[in-house]
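Reviewing the structure listed below.
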Amino acid sequence: MLAKRPKPLLSFPKQQLSNPHFFFSTPTTLHTPLSSLPPRPSINQTKQAHAQIIVSGLASNASFTGHLLASLALSPSTPFAYSLSIFQTIQYPSLFASNNMIRCLAKSESPRESVVLYSCILGRNLIPNNHTYTFLLQACSKALAICEGTQVHTHVVKLGFFEDVFVRNALIHLYSACCRVECSKRVFEENGHCRDVVTWNSMLAGFVRDGRIGDAEKVFDEMPERDVISWSTMIMGYVQNGQLEEGLECFKEMREKGLRPNEAILVTVLSASAQMGLLESGRLVHSIVDSLNFPMTVSLGTALVDMYAKCGCIEQSKLLFHNMPQRDISSWNAMICGLASHGLGKEALALFERFINEGFHPVSVTFIGVLNACSRAGLVSEGRHYFKLMTEKYDIELEMEHYGCMVDLLSRAGFVDEAVELIENMQAPPDPVLWATLLGACKIHGSVELGEKIGNKLIQLDPTYDGHYVQLASIYAKARKWEDVVRIRRLMVEQNTNKVAGWSLIEAQGRVHQFVAGDREHEHSLEIYKMLETIGTRIAEAGYTPRISSVLHDIGEEEKENVVKEHSERLAIAYGMLVTKVGDCIRIMKNLRVCEDCHEASKIISKVFEREIIVRDYSRFHHFKEGKCSCLDYW
DNA sequence: GTAGGGTTAG
């Protein structure tokens, strides 16, 4: 019987660089070893050193080139072609030189090529070492090369490098990068004694990447020591998974332990504060940035600009933006979007023009900001112009969100037919959100017939979502079609819809206070309701009359008035009046849109009590001051 | 003589 031909250890796909001669093409005549290089030299320093040695006639040998490559691998900006050209000058590369070339490849744009070089190492009968595998697995992770990585794993075990903590950590990282977190876990659990802080961090990051926050928490709690990366991974894990409060809590715990945060942590915590609209929390991070003398990098500056804009302080946001030492496209996007959310449409458009004049190229998000700016300020012709510009001049693909902004802009401004036409002519099937936007406009314009058509269609598409019933019923209520209101409400009860509970948040006395409508859970509930009475009397004297069309219950008018009076927003305002100083601004965050009645009441409260009230709702900011709102009732 | 883990914007 014929002996079976041994299977190759590794079989790699044919690629552009897969010819091993690619790595070993030009013979070299250099023989002089390189004196020690300074740590992490810049690419220019390395090039200068290289040039001097060549010019002075000194040749290089494998050892010299190996050092040169090691030095190049350390420079983050090394062009890969340069490293390769140096490697190619060695006729017989040592393992040391080859390892460092793998390391350069791992950092290059073609990390997968490192496995080709690895097969060359094997082919030249060099014995790989732990460094080889660390670099090689790093390259596989970057290339998301799970097949090659798994084969390398078998080599690691066969050649006895599984006990090496660097190699094991690289394996954990490889599997988590390739979405095989269970494999990471297996590597992590084998030989539990062979772990260091990086092993724990890699496992932690693996669970975080996979969205397994519970498992990540367990790892975080069990790890024997934590460094700044452990904290940043956990904090970012919470924030990326939408567990914002836990992220902020984790940051607090870290600070209590006296640890110095790094920039990544600060940026993440700023983002969480921004998403939640927690100004005090964001301000605290800003004060940490200042007190610890963090340089105002583009990331940190942008995160601060975004935080202040999302927490209602648009002036502070603008100030920071204009004083930023450097900006990138994200900074501009954050500022344009921030201005748009505050209804400062013309300012946002002017900034966009400046952005273009400074030579930036807009991206998809930039136009979300621009179109939102037009939509919030009712700038219809400008909106049409930019919508056209983004495809015709900047070649940006239209996404559902861009259509959303346009449909909102057109329909709210009264161009409902044009909005319908836009939806109907879309290439992709329209998202129901677009029809829901149109339904909102039907409510504003009292278009019962079209609203009825769209509302019924949406209810048919998603009978469990209560928002469509509420909108349709509001359209009927505005037209005083009470029988239809009752019918829709009954239908809603029959369908057992999932009601999204409305809430309002206010930050006061170092805490976040959350209210729902009719809430009596707060420790100062009695005082809050007393204040609500006072507010009610004072605004009634100033001419306020309740707008109860948004109340769907078939109850008496007086009861409806009580329902709106106890909306979560009103409770939060009342609490704000109790705990803030006279004249201080009251800042509220809501998860839904401001209702018409609360909007009207807030305007009058701002006048009667001489208080600025800033409300961030689901869609935008409302600055209530001296009886007026920044949205000019266009929302 | 070479080493690893974590980054924002609607």
Assign [X] to base, sugar-phosphate, or nothing according to its heavy-atom contacts below 4.0 angstrom with the strands shown.
X	answer
A/Arg209	sugar-phosphate
A/His173	sugar-phosphate
A/Asn99	base

Checklist entry - Between residues 312-331 of chain A and DNA chain B, which residues have a heavy-atom gap below 4.0 Å? => result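 Only A/Ser330 qualify.
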
Considering only [options], which nucleotide approaches the side chain of [X] most closely?
X	options	answer
A/Ser271	B/dT8, B/dT7, B/dT2	B/dT8
A/Asn333	B/dT8, B/dA3, B/dA9	B/dA9
A/Phe166	B/dA3, B/dT8, B/dT2	B/dA3
A/Met236	B/dT7, B/dT8, B/dA3	B/dT7
A/Asn129	B/dT2, B/dA3, B/dA9	B/dT2

Checklist entry - Using a cut-off of less than 4.0 Å, is there contact between a side-chain N or O of A/Ser232 and OP1 or OP2 of B/dT7? => result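 No, no such contact exists.
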
Next on the checklist: OP1 or OP2 of B/dT8 versus the side-chain N and O atoms of A/Gln240: is any pair under 4.0 Å?
Outcome noted: yes

Checklist entry - Would a 4.5 Å heavy-atom cut-off, applied to side chains only, mark A/His173 and A/Leu137 as touching? => result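 Answer no - side chains too far apart.
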
Next on the checklist: Any non-hydrogen side-chain atom of A/Arg620 less than 4.5 Å from a side-chain atom of A/Asn372?
Outcome noted: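 Sidechains of A/Asn372 and A/Arg620: no contact.
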
Just how far, in rounded Å, is [atom2] of [N] from [atom1] of [X]?
X	N	atom1	atom2	value
A/Leu304	B/dT8	CG	P	15 Å
A/Leu95	B/dT2	CG	P	13 Å
A/His361	B/dA9	NE2	P	23 Å
A/Met307	B/dT7	CE	P	22 Å
A/Ile235	B/dT7	CD1	P	13 Å
A/Leu270	B/dA9	CG	P	10 Å
A/Ile396	B/dA9	CD1	P	19 Å
A/Tyr238	B/dT8	OH	C1'	21 Å

Item to check | Residue pairs, two or more places apart or on separate chains, that pass salt bridge (charged side-chain N to carboxylate O under 4.0 Å, His left out) and touch residues 342-352 of chain A | outcome: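 Of all non-adjacent pairs touching residues 342-352 of chain A, those that pass salt bridge (charged side-chain N to carboxylate O under 4.0 Å, His left out) are A/Lys318-A/Glu347.
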
Next on the checklist: Tell me which pairs pass salt bridge (charged side-chain N to carboxylate O under 4.0 Å, His left out) where either residue lies in residues 83-96 of chain A, with sequence neighbours left out.
Outcome noted: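 Counting only pairs at least two positions apart or across chains, no salt bridge (charged side-chain N to carboxylate O under 4.0 Å, His left out) contact touches residues 83-96 of chain A.
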
Next on the checklist: Considering only residues two or more places apart or on different chains, which pairs with a residue in residues 193-215 of chain A satisfy ring pair (Phe, Tyr, Trp, His ring centres under 6.0 Å)?
Outcome noted: A/Phe188-A/Trp200

Checklist entry - Do any pairs count as a ring pair (Phe, Tyr, Trp, His ring centres under 6.0 Å) and have a residue in residues 327-351 of chain A, sequence neighbours left out, and if so which ones? => result A/Phe321-A/Trp332, A/Trp332-A/Phe355, A/Trp332-A/Phe360, A/His342-A/Phe621, A/His342-A/His623

Item to check | Aromatic ring pairing A/Phe220/A/Trp231, orientation class (parallel under 30°, perpendicular over 60°, tilted between) | outcome: perpendicular

Next on the checklist: For A/Glu163, give me all partners under side-chain hydrogen bond (donor to acceptor under 3.5 Å, both in side chains), at least two apart in sequence or on another chain.
Outcome noted: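 Once residues adjacent in sequence are excluded, the partners of A/Glu163 under the side-chain hydrogen bond (donor to acceptor under 3.5 Å, both in side chains) criterion are A/Asn191.
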
